[in-house]
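These numbers come from a predicted model, not from an experiment.
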Amino acid sequence: MRRRDFITAVGSAAAAWPLAARAQQTGKVWRIGVLETISSALNAPQIDAFRRGLQELGYAEPQNYVLDYRSAEGRGERFPDLAAELVRLRVDLIATRGTPAALAAKNATVTIPVVMAAIGEPLGVGVVASLAHPGRNITGFSAFVTELAPKRVELAKTTIPGIARIAFFSNMSNPIIPPQWDATKDAARSLGVDAELLDVRRPEDVPRAFETAVRLNVGAVLVGLDAITQANRLLIVDQVAR
């Protein structure tokens, strides 16, 4: 299935679920579990938009739904425990963001519906069987970041005249990141650019990574999407500014 068809199919299926009507009829209060990479404070604009969308569909908090928000706070290894906690709470649905969160939800339940608000690549890490037939209880949206990795290298090459070296800045313990690094290296090689890896797994790794980038005379840093980079984005921006 083409990506556009996949997104259309997911959107149509979501629109067809008459949960609000059923909730009003039964008086049920639906529990929506959220597995996020960052705190609710940092994620406030997105959560507010989520609530507005539910309100437009006829949901009112807390009359017929509650949100059980769980954040890994930038530590991807926390997701399995958080997913298990949501299952114990008997949530009716789990919304996830990021590959580690989706994998944790998949491993935690085969019955509770899981909707991926975003995932880097659902196929390569085994979250879904295929785009046409995801299988089991999981559906959602993907950014296809591995396919976009070469384009980011091309963009750096095009916009920075004479660039000789780039760095890929991300967390290699996230299963979606190594394929992106491979794609980045291949693209850099084809364009005659050296590629360096800045493996960042903890907040204290961020300043050290930028020190390495400066020492290696890197012309551009490509920042991957991961719990650690999202949770520490202000620190990363500060390092870039310095």
Nearest 0.5 Å, what's the [atom1]-[atom2] distance between [X] and [Y]?
X	Y	atom1	atom2	result
D68	R31	CG	CZ	4.0 Å
E73	I38	CD	CD1	9.0 Å
L93	N137	CG	CG	10.0 Å
L89	I112	CG	CD1	9.5 Å
Q180	T184	CD	OG1	7.0 Å
Q230	R97	CD	CZ	4.5 Å

Are [X] and [Y] linked, directly or through other ILVMFWY residues, by side chains that come within less than 4.5 angstrom of each other?
X	Y	value
I236	I166	no
L82	M116	yes
I160	L216	no
V200	I177	no
I228	L42	no

Between Y59 and Y65, what is the ring plane arrangement, given parallel below 30°, perpendicular above 60°, and tilted in between? perpendicular

Could you pull out the closest heavy-atom pair between [X] and [Y], with the gap in Å?
X	Y	value
A231	G74	CB-CA, 3.5 Å
G76	A227	N-CB, 4.4 Å
P100	F79	CB-CD1, 3.7 Å
L222	R152	C-NH2, 3.9 Å
P62	V29	O-CG1, 4.0 Å
I163	G219	CD1-C, 3.8 Å

Taking the basic N atoms (NZ, or NE/NH1/NH2) and the acidic carboxylate oxygens, is any pair closer than 4.0 Å for R165 and E196? yes

Should the pair R75-E77 be classified as a salt bridge under the 4.0 Å nitrogen-to-oxygen rule?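 Salt bridge: yes.
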
Listed partners of R189 passing side chain to side chain contact (heavy atoms under 4.5 Å, CB included), at least two apart: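 With neighbours one apart ignored, the set is K185, D186.
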
Show the numbers, then the answer: is there a side chain to side chain contact (heavy atoms under 4.5 Å, CB included) between V206 and F169? CA-CA 9 Å; V206 174; F169 178 105; 4.1 Å; yes

Start with the C-alpha gap between V221 and V240, add the side-chain angles, then the distance that decides, and say whether side chain to side chain contact (heavy atoms under 4.5 Å, CB included) holds. CA-CA 9 Å; V221 176; V240 171; over 6 Å; no

Report, as yes or no, whether the 6.0 Å neighbourhood of atom CD on Q55 holds more than 12 heavy atoms from other residues, nucleotides or ligands. no

Is [X] reaching over with its side chain to a backbone N or O of [Y], donor-acceptor style, under 3.5 angstrom?
X	Y	answer
N64	A60	yes
R136	K106	yes
T96	A101	no
D92	W30	no
T109	A105	no
N171	R201	no

Could you go through L54 and E61, starting from their C-alpha distance and side-chain angles, then the distance that decides it, and tell me whether this counts as side chain to side chain contact (heavy atoms under 4.5 Å, CB included)? CA-CA 9 Å; L54 287 172; E61 185 184 18; over 6 Å; no

Does the pair R233 and V223 meet the rule for a side chain to side chain contact (heavy atoms under 4.5 Å, CB included), with working shown? CA-CA 10 Å; R233 59 185 184 270; V223 180; over 6 Å; no

Evaluate the criterion salt bridge (charged side-chain N to carboxylate O under 4.0 Å, His left out) for residue pair R202 and D205; output intermediate values, then yes/no. CA-CA 5 Å; R202 299 173 299 276; D205 293 337; 3.2 Å; yes

Is R51 close to I47 at the side-chain level, that is, under 4.5 Å between some pair of heavy atoms?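 Yes - at least one pair of side-chain heavy atoms lies under 4.5 Å apart.
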
